[in-house]
Amino acid sequence: MAKRNVSLKDIAVACGVSIATVSKALNDHSDIGQETKEHIRAVADKLGYHPNAAAQALKTNRTNNIGVLFVDEANSGLTHDYFNHVLNSFKKTAEENGFDITFINGGKAKINNMSYLSHAIYRGFDGVVIACVDFSDPEVEELIKSNIPVVTIDHIFFNRTSVVSDNVKGMRELVNYVYGQGHRKVAYVHGAGSSVTQNRLTSFYKTLQELGVEIPDEYVVVSPYRDTDAAYEATNKLLDLKEPPTCILYPDDFAALGGINAIRQRNLRIPEDISIAGYDGLELAKRLSPRLTTVVQNSEKIGGIAATKLIDLINNPKGTLVEQIVVEGTLEKGESVKKIQ
């Protein structure tokens, strides 16, 4: 019985640290050093404190742990600027509400070849957020169709809450701006197939149709997101056309760097000889010269809403509506689109 009466405060006093530090050390938080963790655990053992997370989870049916499924096609992980900001905001909101987050291993890092759902059950996640994955993957579908609360980012499933950037409006505003600058020969190097790509591409065509501009098929080229090499090749392909475009739109700001390299290797100037625009509103867009015209996605708001909605689903599953939340971005006009007659 005495063992059960040992509190976190007793351990904190014995170690000369705060109760929060003790809690984090015993729960293996990454922001506590290994040496400190080992010392606190040794003192806890000596005092007879044996935390039983599994028993606690069974008692409350909660682990206060949220899983994050994030596997992007370029394997750029958290160097992916846009999703890095989204997930940072998600993490901050989750932690403010008493939740930890754990990444669900994908690809070669999978634990014992567990499926995503098996991993989520094994970890006892209270809920899962899914971002930047192949949503047609059967393992992803299995997880989405399970009883675990799920929120998706930038992909809509009929029966799941999703938080998406307003890609339709963002592309419409960008195309209207380029048109207003006098451009009629507008090319689009768009990302690989996904709901984000489909919404942007449809909006691109629809907006130009409404403006009475016809776009030849060769002006629309596929290039993976965040792939500077592929964007470089796509740009050369467009510039080699008999009638090259006067403005090229890229799938994201990072990919636009590949386009810039191709343009400059031909001794062409931006925007004097050719205009360009990106998408996402990454930090680098502000630092390029000339400053890149782009659509700034509100990554902080997207991440924060996704966390809030998932926590609502976890805390109040019966009383929380499944909904699709669309977050508007902002057109950053920059200096990379020239006004032509």
Side-chain angles (χ1 to χ4, degrees), residues 70 72 80-94 129-132 135 150-158 160-181 183 186 188-191 194-211 225-226 247 249-256 276-286 291-313 320-337:
F70 172 87
D72 74 304
H80 190 307
D81 312 61
Y82 168 63
F83 279 108
N84 181 17
H85 285 103
V86 169
L87 293 175
N88 262 340
S89 175
F90 181 93
K91 179 176 182 284
K92 184 183 168 195
T93 306
V129 64
I130 304 178
C132 200
F135 282 94
V150 167
V151 166
T152 60
I153 293 176
D154 271 352
H155 191 92
I156 293 174
F157 276 92
F158 180 67
R160 288 296 195 178
T161 289
S162 58
V163 185
V164 298
S165 187
D166 195 340
N167 290 291
V168 172
K169 187 179 180 192
M171 182 54 75
R172 183 168 67 240
E173 287 186 352
L174 181 58
V175 170
N176 271 310
Y177 171 68
V178 165
Y179 178 88
Q181 292 291 91
H183 296 271
V186 185
Y188 184 21
V189 178
H190 66 78
S194 68
S195 61
V196 169
T197 301
Q198 194 52 56
N199 283 339
R200 290 185 191 174
L201 189 56
T202 302
S203 185
F204 171 79
Y205 277 123
K206 187 173 186 290
T207 306
L208 286 167
Q209 283 168 7
E210 288 168 353
L211 292 168
Y225 288 102
R226 290 184 52 79
C247 182
L249 310 184
Y250 289 93
D252 58 89
D253 297 345
F254 194 76
I276 64 166
Y279 209 102
D280 281 347
L282 305 183
E283 194 60 37
L284 69 87
K286 299 171 191 170
R291 203 158 38 85
L292 189 64
T293 298
T294 187
V295 176
V296 181
Q297 300 195 77
N298 195 336
S299 52
E300 191 170 331
K301 191 173 181 182
I302 291 167
I305 290 174
T308 302
K309 292 299 172 187
L310 184 54
I311 291 164
D312 286 347
L313 284 166
T320 301
L321 290 170
V322 169
E323 54 187 327
Q324 279 75 49
I325 298 131
V326 179
V327 178
E328 287 188 12
T330 314
L331 176 66
E332 176 60 58
K333 291 177 180 177
E335 303 156 341
S336 63
V337 177

Undergrad: Answer yes or no: is there a side-chain heavy-atom contact under 4.5 Å between Asn298 and Thr330?
TA: no
Undergrad: Under a 3.5 Å distance rule, please check whether Gln324 uses its side chain to pair with a backbone N or O of Arg160 as donor and acceptor.
TA: yes
Undergrad: For the pair Thr202 (side chain) and Gln198 (backbone), establish whether a donor and an acceptor sit closer than 3.5 Å, ignoring hydrogens and angles.
TA: yes
Undergrad: Return the NE2 to CG distance between His155 and Asn199, rounded to the nearest 0.5 Å.
TA: 10.0 Å
Undergrad: Under a 4.5 Å cut-off applied to non-hydrogen side-chain atoms, are Leu174 and Thr293 in contact?
TA: yes
Undergrad: For the residue pair Ala256 and Leu292, what are the closest heavy atoms and their distance?
TA: CB-CD2, 4.2 Å
Undergrad: Count the heavy atoms belonging to other residues, nucleotides or ligands that lie under 6.0 Å from CD of Glu173, then report whether that count exceeds 12.
TA: yes
Undergrad: Do Lys309 and Glu323 have side-chain heavy atoms sitting under 4.5 Å apart?
TA: yes
Undergrad: Could you check whether any side-chain heavy atom of Glu332 comes within less than 4.5 Å of a side-chain heavy atom of Arg291, counting everything from C-beta outward?
TA: yes
Undergrad: Which atom pair, heavy atoms only, marks the closest approach of Asp253 to Leu282?
TA: OD2-N, 2.8 Å
Undergrad: Determine whether Ser165 and Ile302 make a side-chain contact, defined as any pair of heavy atoms from C-beta on separated by less than 4.5 Å.
TA: yes
Undergrad: Determine whether Leu249 and Met171 make a side-chain contact, defined as any pair of heavy atoms from C-beta on separated by less than 4.5 Å.
TA: yes
Undergrad: Start with the C-alpha gap between Tyr225 and Asp280, add the side-chain angles, then the distance that decides, and say whether side-chain hydrogen bond (donor to acceptor under 3.5 Å, both in side chains) holds.
TA: CA-CA 11 Å; Tyr225 288 102; Asp280 281 347; over 6 Å; no
Undergrad: From Ile325 CD1 over to Thr161 OG1, what is the distance, rounded to the nearest 0.5 angstrom?
TA: 6.0 Å
Undergrad: Kindly indicate whether the side chain of Asp154, heavy atoms from C-beta on, has any atom under 4.5 Å from the side chain of Phe83.
TA: yes
Undergrad: Using the test side-chain contact (heavy atoms from CB on, under 4.5 Å), find all partners of Gln181 that sit at least two apart in sequence or belong to another chain.
TA: Tyr177, His183, Val337, Lys339
Undergrad: Phe135 vs Phe157 aromatic rings, parallel, tilted or perpendicular, using cut-offs 30° and 60°?
TA: tilted
Undergrad: Distance check, rounded to the nearest 0.5 Å: Asn88 atom CG versus Thr93 atom OG1?
TA: 10.5 Å
Undergrad: Could you give the distance from CG (Leu211) to CG (Asn176), rounded to the nearest 0.5 Å?
TA: 5.0 Å
Undergrad: Is the ring centre of Tyr188 less than 6.0 Å from the ring centre of Tyr205?
TA: no
Undergrad: Please find the pair of heavy atoms, one from Val326 and one from Asp166, that lie closest to each other, and give the distance.
TA: CG1-CB, 3.4 Å
Undergrad: Nearest 0.5 Å, what's the CD1-CD1 distance between Ile305 and Ile153?
TA: 10.5 Å
Undergrad: So, taking the atom named CD1 in Ile156 and the one named OG in Ser195, what distance separates them when rounded to the nearest 0.5 Å?
TA: 6.5 Å
Undergrad: Just by modelled atom types, is the Arg226 backbone N or O under 3.5 Å from a matching donor or acceptor in the Asp252 side chain?
TA: yes
Undergrad: Give the minimum heavy-atom separation between Val178 and Cys247, together with the two atoms involved.
TA: CG1-SG, 3.8 Å
Undergrad: Can you find a pair of side-chain heavy atoms, one from Tyr179 and one from Val186, that are under 4.5 Å apart?
TA: no
Undergrad: Could you tell me whether the side chain of Ser89 and the main chain of His85 form a donor-acceptor pair under 3.5 Å?
TA: no
Undergrad: Applying side chain to side chain contact (heavy atoms under 4.5 Å, CB included) to Gln297 and Asn167, what does each step give before you reach the verdict?
TA: CA-CA 9 Å; Gln297 300 195 77; Asn167 290 291; 4.1 Å; yes
